[in-house]
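When a residue number appears, it is its place in the shown sequence, counting from 1.
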Amino acid sequence: MFRDSSRSRLILAVLLAAAVALLVLDARPGGDPVTSAARAGGELVFAPTAAGVGWATAPAAALYDGLRQSPETSDRITELEQANADLKDQLQAARIDEQRSKQLDELLDLAGLGGYEIVAAQAVTHVTSRGYADTVTIDAGTESGVRPDMTVVNGSGLVGRVTEAGPHTATVMLATDVKSAVGARLEATRKIGVVNGGTVPGGPEAELTLELFDLEAQVDPGDRVVTLGSHEGAPFVPGVPIGTVEEVQVAPGALSRLADIAPAVDFSSLDVVGVVVRGPEEDPRDSVLPPRPDKGDRS
């Protein structure tokens with residue numbers, strides 16, 4: 001063991017001085033024989049120490065490289081990568097479940113406000129064997145009480161109506177389909193009309209178009225529209241939010257007023273929906289519509 005003495009301190013001081021001198025000399029350019037000899041001497045003194053350090057650390061470095069290259073370590077890395085991928089999938093599934101739970105809560109709130117008895121379902125595909133432009137297939141059918149000509153909603157408003165039903169699935173024509181026509185009423189008025197899917201002749205480009213039968217009816221952007229309701233609630237129950245007026249147009253010679261309607265439902269991201277298997281005992285009027293923001297909250 002290295003002992004602390006006057007001699008050892010002297011040797012250490014000499015070695016440190018020599019190291020500093022070598023650093024200074026090594027930084028000087030050129031091939032001066034004096035500096036070359038000093039470098040050679042330094043290598044003669046310090047090379048055994050450097051070799052000793054390398055000899056001491058070599059086994060550890062070799063062990064690390066061996067572990068990285070061994071089949072067991074490779075398999076373990078693969079297992080950890082797969083476990084990490086599984087955890088990511090589980091996290092994504094949890095987020096989807098959380099989103100669907102939120103949508104179900106919103107659907108139940110709407111059904112409660114309107115007095116609608118519903119069967120919850122999931123929109124599983126937007127493609128059908130008959131190739132309708134705007135339809136979805138849901139994972140609920142006749143065994144759950146679903147029948148053709150039943151209203152379909154989600155937590156925001158009207159989705160469409162059931163056109164076909166099998167034991168476990170059903171086809172829903174969306175309100176945006178060009179063949180769709182829904183009896184409608186303006187909020188807080190008795191003015192009625194029909195909401196058609198897509199654009200009607202002479203009307204503005206729109207996903208939904210409101211056609212009011214009264215040319216003198218007052219209608220402005222921001223007015224909201226709900227379902228008028230059908231006889232015995234088929235195919236549409238009353239009071240379901242359809243959308244909001246964006247643009248009003250009066251075509252020359254037209255027998256009705258036309259308005260572009262922004263749908264209440266985001267049809268591009270349908271997931272949790274509800275089929276109304278029993279309508280309300282009374283017309284809910286405008287009670288299903290969400291509260292309007294206070295004027296002070298509008299930008």
Donor-acceptor pair, side chain of T209 and main chain of G198, under 3.5 angstrom: yes

Residue among R185, R190, K191 satisfying salt bridge (charged side-chain N to carboxylate O under 4.0 Å, His left out) with D214: K191

Which atom of A140 lies closest to which atom of V119, heavy atoms considered: CB-CG1, 4.3 Å

R257 vs E211 side-chain heavy atoms within contact, under 4.5 Å: no

Anything under 3.5 Å between a donor and an acceptor, one on a side chain of residues 152-162, the other on a protein residue two or more places apart or in another chain? List them.
unit_1: N154; atom_1: OD1; unit_2: S156; atom_2: N; d: 2.8
unit_1: N154; atom_1: OD1; unit_2: G157; atom_2: N; d: 3.2
unit_1: R161; atom_1: NH1; unit_2: D149; atom_2: OD1; d: 3.1

Sole candidate of T244, V265, T176 that passes side-chain contact (heavy atoms from CB on, under 4.5 Å) when paired with L208: T176

Distance in Å, I118 CD1 paired with R278 CZ, rounded so as to fall on 0.5 Å steps: 14.0 Å

With sequence neighbours excluded, residues passing side-chain contact (heavy atoms from CB on, under 4.5 Å) with A181: V194, N196

Beyond-backbone contact of I138 with T169, side-chain heavy atoms, under 4.5 angstrom: no

Min side-chain heavy-atom separation T163-V172 under 4.5 Å: no

Distance-minimising heavy-atom pair for A120 and L104: CB-CD1, 4.1 Å

Side chain to side chain contact (heavy atoms under 4.5 Å, CB included) evaluation trace for Y116 with V288: CA-CA 11 Å; Y116 312 131; V288 184; 3.8 Å; yes

Linked, directly or transitively: L113 and L289 (ILVMFWY side chains, under 4.5 Å): no

Inter- and intrachain pairs under salt bridge (Lys or Arg N to Asp or Glu O under 4.0 Å), touching residues 135-148, at least two apart: none

Closest contact, heavy atoms only, M150 versus G145: CE-O, 3.4 Å

Side-chain donor-acceptor contacts of residues 223-243 below 3.5 Å, not counting sequence neighbours, with atom names and distances?
unit_1: D223; atom_1: OD2; unit_2: D220; atom_2: N; d: 2.8
unit_1: R224; atom_1: NE; unit_2: E187; atom_2: OE1; d: 3.1
unit_1: R224; atom_1: NH1; unit_2: P290; atom_2: O; d: 2.7
unit_1: R224; atom_1: NH2; unit_2: E187; atom_2: OE2; d: 3.0
unit_1: R224; atom_1: NH2; unit_2: P290; atom_2: O; d: 3.3
unit_1: T227; atom_1: OG1; unit_2: V237; atom_2: O; d: 2.7
unit_1: T227; atom_1: OG1; unit_2: G239; atom_2: N; d: 3.1
unit_1: T227; atom_1: OG1; unit_2: V240; atom_2: N; d: 2.9
unit_1: S230; atom_1: OG; unit_2: F236; atom_2: N; d: 3.2
unit_1: S230; atom_1: OG; unit_2: F236; atom_2: O; d: 3.4

Side chain proximity check, L186 to L210, heavy atoms < 4.5 angstrom: yes

Listed partners of D105 passing salt bridge (Lys or Arg N to Asp or Glu O under 4.0 Å), at least two apart: none

Within-4.5 Å side-chain heavy-atom neighbours: S180 and M173: yes

Min side-chain heavy-atom separation T135-L174 under 4.5 Å: no

Residue list, side-chain contact (heavy atoms from CB on, under 4.5 Å) with Q103, at least two apart or on another chain: Q99, D271, V272

Min side-chain heavy-atom separation V136-L270 under 4.5 Å: yes

Derivation and outcome, side chain to side chain contact (heavy atoms under 4.5 Å, CB included), residues V275 and T151: CA-CA 6 Å; V275 181; T151 309; over 6 Å; no

Straight-line distance of T171 OG1 to E164 CD, nearest 0.5 Å: 5.0 Å

Smallest separation among heavy atoms of V195 and A184, with atom names: CG2-CB, 3.6 Å

Validation row: V219, L212 side chains within 4.5 angstrom (heavy atoms): yes

